[in-house]
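Notes follow once the structure below has been shown.
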Amino acid sequence: MRNKEIAYQIGTTEQVIKNYLRKVYDKLGVSDRLELALYCLHHELLKKYLGDAEGQMAPHTEPSQPLRAKM
């Protein structure tokens, strides 16, 4: 998803998402989403996540409204 889409879904701003991503990139030593995806694949992070949540995950559906209401 794009930063703007993520921000809308969780009810925050695009700048907040950019800041969060920058912190994650810095901590993991990557510079962009592609390197982050490769890092996750190399360290099998999704495999670990999916293994922990096995049988508990519902199919992915797009929410019709943001998770937090705007005031």
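Model, not experiment: these values are computed from the prediction.
Taking NZ of Lys4 as the reference point, atom NZ of Lys18 lies at 10.5 Å (rounded to 0.5 Å). Atom CG of Leu36 and atom CG of Leu45 lie 8.5 Å apart (nearest 0.5 Å). To the nearest 0.5 angstrom, Asn3 atom CG is 10.0 Å from Asn19 atom CG.
Remark: side-chain polar atoms of His42 are not paired, donor with acceptor, to backbone N or O of Leu38 under 3.5 angstrom. The main-chain N or O of Arg2 is found under 3.5 Å from a side-chain atom of Glu5 such that the two form a donor-acceptor pair.
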Expected list for residues 20-32: side-chain donor-acceptor pairs under 3.5 angstrom, two or more places apart:
unit_1, atom_1, unit_2, atom_2, d
Tyr25, OH, Arg33, N, 3.4
Ser31, OG, Glu35, OE2, 2.9
Asp32, OD1, Leu34, N, 3.2
Asp32, OD1, Glu35, N, 2.9

